[in-house]
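Since the structure comes first, as structure tokens, the remarks are kept for the end.
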Amino acid sequence: MPETSELRQRQAEFAKELHGDNVTKSGFSALVSKNKSAQTEAVAKYLKHWDGKTDEDAERRRLEDYNESTHSYYNVVTDFYEYGWGSSFHFSRFFKGESFNASVARHEHYLAYRAGIEKNDLVLDVGCGVGGPARTIARFTGCNIIGLNNNDYQIQKANYYAKRDKLDSQLSFVKGDFMKMDFEDNSFDKVYAIEATCHAPTFEGVYGEIYRVLKPGGTFAVYEWVMTENYDETNPEHRKIAYEIELGDGIPKMYPVSAARDALDKVGFEVSESLDLTDNDDEIPWYAPLSGEWRYVNSVADLATFFRTSRVGRTFTTAMVTVFEKLGLAPAGSASVTHALEEAAVGLVAGGEKKLFTPMMLFVARKPEQK
Ligand SMILES: CC(C)=CCC[C@@H](C)[C@H]1CC[C@H]2C3=C(CC[C@]12C)[C@@]1(C)CC[C@H](O)C[C@@H]1CC3
Ligand SMILES: C[S@@+](CC[C@H](N)C(=O)[O-])C[C@H]1O[C@@H](n2cnc3c(N)ncnc32)[C@H](O)[C@@H]1O
């Protein structure tokens, strides 16, 4: 069910009740500052469909509730993401000698390069998070970016960070559902999406909206989350891994790469690139931080990140949050969020190791000039 004006208003009011007005906090200090009853409600809204079932009816319920479910997911995980990962909520390739932050930035630069983004372009970032990639790409290209996001808390943070970094003349972040955008047809020179459109109930729905708002001749570039051609939905072990990724990452349904590729064709794009960036012989795999393999650490600066993302670090965080919750310092339900995130980590690493899943299926597509 796409966003309605009533849903938009209700989500904005709920976000204010849950997070308050202070978006400068992150991590644990943000967690303990939440309105406790609102946080418990947000956790329940996120987890209500995750009952272990993968039958058609369960999938239908999750797909129908995609907007509220994803909005709730990011209400309860954003502070954990910033604490454990930073302000760019995506994976990247890693190269020896390159720091975690350098890898993240290079991954964003590469997408901007493949999208052909130029100075003064008006660019749409679909599912913009707290604006990490938009800040990097705006600095890298000199373009102007509008970030679209259906999570109020993240939009507030993104606008705050843009002002803090003196990028607010190039960047703005607005509320909206990428399945039903408020933008006019043919509004943007370029569009990109980084690990966001996988939250859509259908690729055709979100890609169709992206096609509509892109100018004729414009380019769309995306890092998409898909199951690879090795994935077999009828294989219980495979389906369990996909379910862990869906549950732990707030995704109503993980689709195969063919579904994304077919959707691009169906809505009218001319696809010039379709490349799984994990299909390589990199010494350090994209899931390295979640694997807990310390041999992958490239620099002292990365030790804190690798600790927080490793199984040991995740267990420590879960233990801390559990104690905070028992002492009444953290809202009820906070520990269950860390358990869901643990499922995400386990499913993502398994999906990566078995080559059943990729978080960086690169598609580059063009909207034809008007005939
Ligand atoms: C949800 C989508 C489409 C993309 C997000 C990709 C990643 C940024 C996240 C996926 C799993 C997340 C986890 C964490 C940070 C962000 C992710 C890697 C934690 C390391 C944050 C700290 C917690 O204690 C453990 C989390 C494990 C999962
Ligand atoms: C994993 S985060 C990636 C954020 C950002 N692209 C980055 O790389 O940091 C996915 C983003 O998609 C947004 N999102 C999910 N469903 C959405 C929807 N229906 N409409 C707009 N944004 C949505 C989430 O709120 C979140 O900001």
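Order of listing sets the numbers, starting from 1, for every ligand and every atom in it. Atom set for the values below is all heavy atoms of this structure, side chains included, hydrogens, waters and symmetry mates excluded.
Inspection of the Tyr66 and Arg62 side chains reveals no N or O donor paired with an N or O acceptor under 3.5 Å.
The aromatic ring centres of Phe28 and Tyr83 sit less than 6.0 Å apart. The six-membered or imidazole ring of Tyr287 lies away from that of Phe91, with a centre-to-centre distance of 6.0 Å or more.
Nearest to atom 28 (C) of ligand 1 by heavy-atom distance, out of Leu341, Val346, Ile251, Val104, is Leu341.
Atom 10 (C) of ligand 2 has as its closest protein heavy atom Tyr74 OH, 3.3 Å. Atom 19 (N) of ligand 2 has its closest protein heavy atom at Asp177 OD1, 3.0 Å. Distance from atom 24 (O) of ligand 1 to its nearest protein heavy atom, with residue and atom name: Thr317 CG2, 3.6 Å. Of the protein's non-hydrogen atoms, Asp249 OD1, 3.3 Å is the one closest to atom 10 (C) of ligand 1.
Of the heavy atoms in Asn149, both backbone and side-chain atoms come closer than 4.0 Å to ligand 2. Of the heavy atoms in His90, only backbone atoms (N, CA, C, O) come closer than 4.0 Å to ligand 1. Only the side chain of Cys198 comes within 4.0 Å of ligand 1, judged by heavy-atom distances. Proximity of Leu348 to ligand 1, defined as any heavy-atom pair under 4.0 Å, is confined to the side chain (atoms from C-beta onward).
Shown are Asn159, Asn75, Thr78; of these, the side-chain hydrogen bond (donor to acceptor under 3.5 Å, both in side chains) with Gln154 is made only by Thr78. Screening Arg212, Lys215, Lys367 for a salt bridge (charged side-chain N to carboxylate O under 4.0 Å, His left out) involving Asp185 leaves a single residue, Arg212.
Note that Lys45 lies in the cation-pi zone of Phe14, set by a 6.0 Å cut-off to the ring centre and a 45° limit from the axis.
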